[in-house]
S.K.: 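Pasting a structure below so you can have a look.
The basis for the numbers below is simple: all heavy atoms, side chains too, and nothing from hydrogens, waters or symmetry mates.
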Amino acid sequence: MTARTPYIGRFAPSPTGPLHFGSLVAAMASYLDAKAHHGQWLLRIEDVDGARNVDGAAEHILASIQRCGMHWDGDVTWQTRRYPLYQQALEQLGELVYPCGCTRREIADSQVKLSGRQLLNLVYPGTCRHGLAPGKVERALRLKVPQQPHCVLSFEDRWAGHYSQDLTDEVGDFIIRRADGYWAYQLAVVVDDGAQHITDIVRGADLLDSTPRQLYLQQVLGLPQPTYLHVPVVVNEAGDKMSKQTGAQAFDTGADPQILLREAMLPAARFLGLDIQAETIDAFWRAATPAWAQRLQALPRQR
């Protein structure tokens, strides 16, 4: 692995509940990648979706990260304190943004007019692109995606390899401010990554198909493109992604550090392909950091 300077990575959990095992895997991967590159590891609480935030969850997340021996650089960043930055980005996007009055049901009903890959996704058909129809009321704000030629975006993922998406055909114009008034994840994460000078993003593969939207936003906002690494996601017995929505439980129950190491951290390392033998959390990190570097070198798709 070739070190790049300066490396700035981040972990950005949402305070919708305590961290579960899948979250620990993502946090561990991002932390190890930063340490293996002798870089910074920032912590950002993505609390922009106020309707889903759970009281006390952010504090539980911070405590769990610390109990695992992960130490962030600088101050914790909170998205709810950064709304002026998102507003500035909205104003910078100018005429690329337009109001949309469509409900999710109306968009779903419109799918009968679509074909090919569009049928596999809830693709916005551009109903309000040229103005709200009579009787329609603004609900959300959308960002125009080029139509001709199609906007096809590709990147090389450090884990998954080459990834390409026809944003025009597979996504369409996408939301940057939601109908409930909250800023959309895609805009907030791009603005935050740019403002914090993030160079490397390590996260779960469930966000792989979101990356082209973020690449497009980076382009139109004039922001640099980070390097991406998407690790496999943890699934439950039913084959669904482990998440709070599927009933995933907190990995940190307040047990002794040795139990936390044995029942959460070592299994998370094994999921990432790391064979770590350690009796203490400090020893775990001393062994895991070089093991992570070797793991990446062994990936067949590593560029």
S.K.: I'd like to know whether Val202 forms a side chain to side chain contact (heavy atoms under 4.5 Å, CB included) with Trp159, so could you lay out the CA-CA distance, the side-chain angles of the two residues, the decisive distance to 0.1 Å, and finally the verdict.
M.R.: CA-CA 10 Å; Val202 178; Trp159 188 293; over 6 Å; no
S.K.: Using the rule given for side-chain hydrogen bond (donor to acceptor under 3.5 Å, both in side chains), can you reason through Gln196 versus Arg44, listing the C-alpha separation, both sets of side-chain angles and the distance that settles it, and then say yes or no?
M.R.: CA-CA 10 Å; Gln196 294 185 285; Arg44 180 167 73 228; 2.6 Å; yes
S.K.: How many angstroms lie between atom CG of Leu299 and atom CG of Leu229, to the nearest 0.5 angstrom?
M.R.: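 The CG atom of Leu299 sits 7.5 Å away from the CG atom of Leu229.
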S.K.: Short question: side chain of Thr168, backbone of Cys151 - any donor-acceptor pair under 3.5 Å?
M.R.: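 Flag set: sc Thr168 to bb Cys151 pair under 3.5 Å.
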S.K.: Identify the two heavy atoms, one from Phe251 and one from Phe21, that lie closest to each other, and give their separation to 0.1 Å.
M.R.: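 Phe251 and Phe21 have their closest heavy atoms at CB-N, 4.1 Å.
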S.K.: Between Asp49 and Arg178, does at least one N-O distance fall below 4.0 Å, as a salt bridge requires?
M.R.: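 Arg178 and Asp49: salt-bridged.
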S.K.: Under 4.0 Å between a side-chain nitrogen and a carboxylate oxygen: does that hold for Glu156 and Arg158?
M.R.: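 Result for this pair is no, no salt bridge flagged.
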S.K.: Kindly confirm or rule out a cation-pi arrangement of Arg177 over Tyr182, judged by NZ or CZ under 6.0 Å from the six-membered ring centre and within 45° of its axis?
M.R.: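 Negative - Arg177 is either too far from the ring of Tyr182 or too far off its axis.
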S.K.: Would you be so kind as to tabulate the donor-acceptor pairs closer than 3.5 Å made by side chains of residues 253-278, with sequence neighbours excluded?
M.R.:
residue: Asp275; atom: OD1; partner: Gln277; partner atom: NE2; Å: 3.2

S.K.: Do Phe11 and Trp72 share a hydrophobic cluster (ILVMFWY, side-chain heavy atoms under 4.5 Å, transitive)?
M.R.: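 Yes; Trp72 is reachable from Phe11 via cluster members.
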S.K.: Can we say Glu170 and Arg213 salt-bridge, meaning some charged N sits less than 4.0 Å from an Asp/Glu carboxylate O?
M.R.: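 Looking at Glu170 and Arg213, the cut-off is not met.
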S.K.: Please check if the side chain of Ser64 supplies one atom and the backbone of Asp252 the other of a donor-acceptor pair under 3.5 Å.
M.R.: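 No; zero donor-acceptor contacts below 3.5 Å.
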S.K.: Could you give me the CA-CA distance, side-chain angles and deciding distance for Tyr31 and Trp285, then say whether ring-ring contact (aromatic ring centres under 6.0 Å, His included) is met?
M.R.: CA-CA 10 Å; Tyr31 187 75; Trp285 292 114; 4.9 Å; yes
S.K.: Once you round to the nearest 0.5 Å, how far does CD of Gln40 lie from CD1 of Ile8?
M.R.: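 So the CD of Gln40 and the CD1 of Ile8 are separated by 5.0 Å.
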S.K.: Count I, L, V, M, F, W, Y as connected when their side-chain heavy atoms are under 4.5 Å apart, and connections chain through other members. Are Leu62 and Val54 then in the same cluster?
M.R.: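 Leu62 and Val54: separate clusters.
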S.K.: Let me have the donor-acceptor pairs involving side chains of residues 215-226, under 3.5 Å, with sequence neighbours excluded, atom names and distances please.
M.R.:
residue: Tyr216; atom: OH; partner: Lys144; partner atom: O; Å: 2.7
residue: Gln218; atom: NE2; partner: Tyr228; partner atom: OH; Å: 2.9

S.K.: With the 4.5 Å side-chain cut-off for hydrophobic clustering, are Leu208 and Ile198 part of the same group?
M.R.: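 Yes, it is one cluster - the side chains of Leu208 and Ile198 are joined through contacts under 4.5 Å.
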S.K.: Quick one: closest heavy-atom pair of Ala57 and Pro15, and the distance?
M.R.: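 In this case the closest contact between Ala57 and Pro15 is CB-O, 3.4 Å.
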S.K.: Are the side chain of Ser30 and the backbone N or O of Ala27 linked by a donor-acceptor pair below 3.5 Å?
M.R.: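 Yes.
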S.K.: Going through the distances and angles, do Asp33 and Tyr7 end up as a side-chain hydrogen bond (donor to acceptor under 3.5 Å, both in side chains)?
M.R.: CA-CA 9 Å; Asp33 205 57; Tyr7 177 113; 2.6 Å; yes
S.K.: Please check if atom CD in Glu91 has more than 12 non-hydrogen atoms from other residues, nucleotides or ligands closer than 6.0 Å.
M.R.: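 More than 12 within 6.0 Å, yes.
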S.K.: Using only atom types and a distance under 3.5 Å, with no angle test, would you say the side chain of Asp173 pairs donor to acceptor with the backbone of Arg142?
M.R.: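 No, Asp173 side chain to Arg142 backbone: no donor-acceptor pair under 3.5 Å.
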S.K.: Checking the side chain of His20 only, and the main-chain atoms of Gly22 only, is there a donor and an acceptor separated by less than 3.5 Å?
M.R.: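 Checked: pair present.
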S.K.: Between Gln79 and Asp192, does the side-chain hydrogen bond (donor to acceptor under 3.5 Å, both in side chains) criterion hold? Intermediate values first, please.
M.R.: CA-CA 8 Å; Gln79 283 188 327; Asp192 288 337; 2.9 Å; yes
S.K.: Applying a strict under-4.5 Å side-chain criterion to I, L, V, M, F, W and Y, I'd like to know whether Val190 and Leu207 cluster together.
M.R.: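 Shared cluster, yes.
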S.K.: Hey, could you give me the NE2/CD1 distance between His230 and Ile201, rounded to the nearest 0.5 Å?
M.R.: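 Between His230 NE2 and Ile201 CD1, I get 7.5 Å after rounding to 0.5 Å.
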S.K.: Around Asp180, counting heavy atoms of other residues, nucleotides and ligands shown, do more than 12 lie under 6.0 Å from its CG?
M.R.: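 Buried by this count: over 12 neighbours within 6.0 Å.
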S.K.: Can you confirm whether the side chains of Arg203 and Thr211 place a donor and an acceptor under 3.5 Å from each other?
M.R.: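 Side chains of Arg203 and Thr211: pair found under 3.5 Å.
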S.K.: Which heavy atom in Arg139 sits nearest to a heavy atom in Cys102, and how many Å separate them?
M.R.: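 Between these two residues, the closest heavy atoms are NE-O, 3.3 Å.
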S.K.: State yes or no: do Ile65 and Val76 share one hydrophobic cluster built from I, L, V, M, F, W and Y residues joined by side-chain heavy-atom distances below 4.5 Å, directly or via other members?
M.R.: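 As far as the 4.5 Å side-chain criterion goes, Val76 and Ile65 are connected within one cluster.
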S.K.: Look only at the side chain of Asp73 and the backbone of Trp41, and say whether a donor-acceptor pair between them is shorter than 3.5 Å.
M.R.: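 Answer holds: yes.
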S.K.: Between Asp200 and Thr227 (side chain of the first, backbone of the second, donor and acceptor by atom type, cut-off under 3.5 Å), is there such a pair?
M.R.: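 Answer holds: no.
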S.K.: CZ of Phe155 to OH of Tyr163: how many Å apart, nearest 0.5 Å?
M.R.: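 If I round to the nearest 0.5 Å, the distance is 7.0 Å.
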S.K.: How far apart are the closest heavy atoms of Ser154 and Ser164, and which atoms are they?
M.R.: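 Scanning both residues, the minimum pair turns out to be OG-OG, 2.9 Å.
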